[in-house]
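Please read these numbers as outputs of a predicted model, since none were measured by experiment.
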Amino acid sequence: MKRISAVLVLISLVTLQSCEEVVDEIYQNKQEQNAVSPYRGNYTGTYTGDVSGNLIINVSEKGTIEIIRNTLNSSESYITGFINASFNTTNRAPSGFMLIGNLNSKMGTWEMGSSKGNWTVKKN
């Protein structure tokens, strides 16, 4: 009888611990969903080098980044994200254009195939 009671107490404690972990995880997920990127907003600037043009960087509340590259003849955009303050450099525009750098310094380099250069932006 004592053995059965001890097992039931142990099962109850494990169940309570599991429920507490679930509640903690729900709370943490909710906090992450409510987090706002410190970089949110619109940035404008230029890129120079082998080719040049204007840049627009739009950062959403959740940290999704839209990069728009304008030249005299065309415009293209791509979506990327952050790794800390740096751009996630695995995403590229259809032409292969991508920014390397971060929004702490608001500058960096860019590349597109064998073309390269520098970029700078300011927050609007």
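- Around the CE atom of Met112, the shell of radius 6.0 Å holds more than 12 heavy atoms that belong to other residues, nucleotides or ligands.
- Counting all heavy atoms, side chain and backbone alike, Ser95 lies closest to Arg69 at OG-NH2, 3.6 Å.
- The shortest non-hydrogen separation linking Ser77 to Pro94 is O-CD, 3.8 Å.
- A donor-acceptor contact closer than 3.5 angstrom is absent between the side chains of Asn58 and Tyr43.
- In this structure the side chain of Leu55 never reaches within 4.5 angstrom of the side chain of Thr44, judged on heavy atoms.
- With sequence neighbours excluded, the residues that form a ring-ring contact (aromatic ring centres under 6.0 Å, His included) with Phe97 are Tyr47, Trp110.
- Ile79 and Val121 fall into different hydrophobic clusters, defined by Ile, Leu, Val, Met, Phe, Trp and Tyr side-chain heavy atoms under 4.5 Å apart, directly or through other members.
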Full working for side chain to side chain contact (heavy atoms under 4.5 Å, CB included) between Phe82 and Thr64: CA-CA 8 Å; Phe82 284 123; Thr64 301; over 6 Å; no

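- To the nearest 0.5 Å, atoms NZ (Lys123) and CZ (Arg40) are separated by 7.5 Å.
- A donor-acceptor distance shorter than 3.5 angstrom exists from the side chain of Trp119 to the backbone of Ile100, with no hydrogens or angles considered.
- There is no side-chain donor-acceptor pair under 3.5 Å between Glu61 and Ser37.
- Not a single ring-ring contact (aromatic ring centres under 6.0 Å, His included) links Tyr78 to another residue, sequence neighbours left out.
- Using a 4.5 Å heavy-atom threshold, the side chains of Thr120 and Lys106 count as separate.
- Although no hydrogens or angles enter the test, the distance criterion places a donor-acceptor pair under 3.5 Å between the side chain of Asn102 and the main chain of Asn104.
- If you chain together hydrophobic residues whose side chains sit under 4.5 Å apart, Leu99 and Met107 never meet in one group.
- Salt bridge status for Glu111 with Lys116: absent, with no side-chain N to carboxylate O gap under 4.0 Å.
- The hydrophobic cluster containing Ile56, built from Ile/Leu/Val/Met/Phe/Trp/Tyr side-chain heavy atoms closer than 4.5 Å, also comprises Ile68.
- Here the side chains of Ile65 and Asn91 are not in contact, with every heavy-atom distance at 4.5 Å or above.
- Taking every heavy atom of both residues into account, Asn70 and Ser75 meet most closely at OD1-OG, 2.7 Å.
- Atom CE of Met98 and atom OG1 of Thr109 lie 8.0 Å apart (nearest 0.5 Å).
- Neither side chain, Thr80 nor Asn88, offers a donor N or O lying under 3.5 Å from an acceptor on the other.
- Not one N or O on the side chain of Thr48 forms a donor-acceptor pair closer than 3.5 Å with the backbone of Ser52.
- To the nearest 0.5 Å, atom CG of residue Asn42 and atom NZ of residue Lys122 are 11.5 Å apart.
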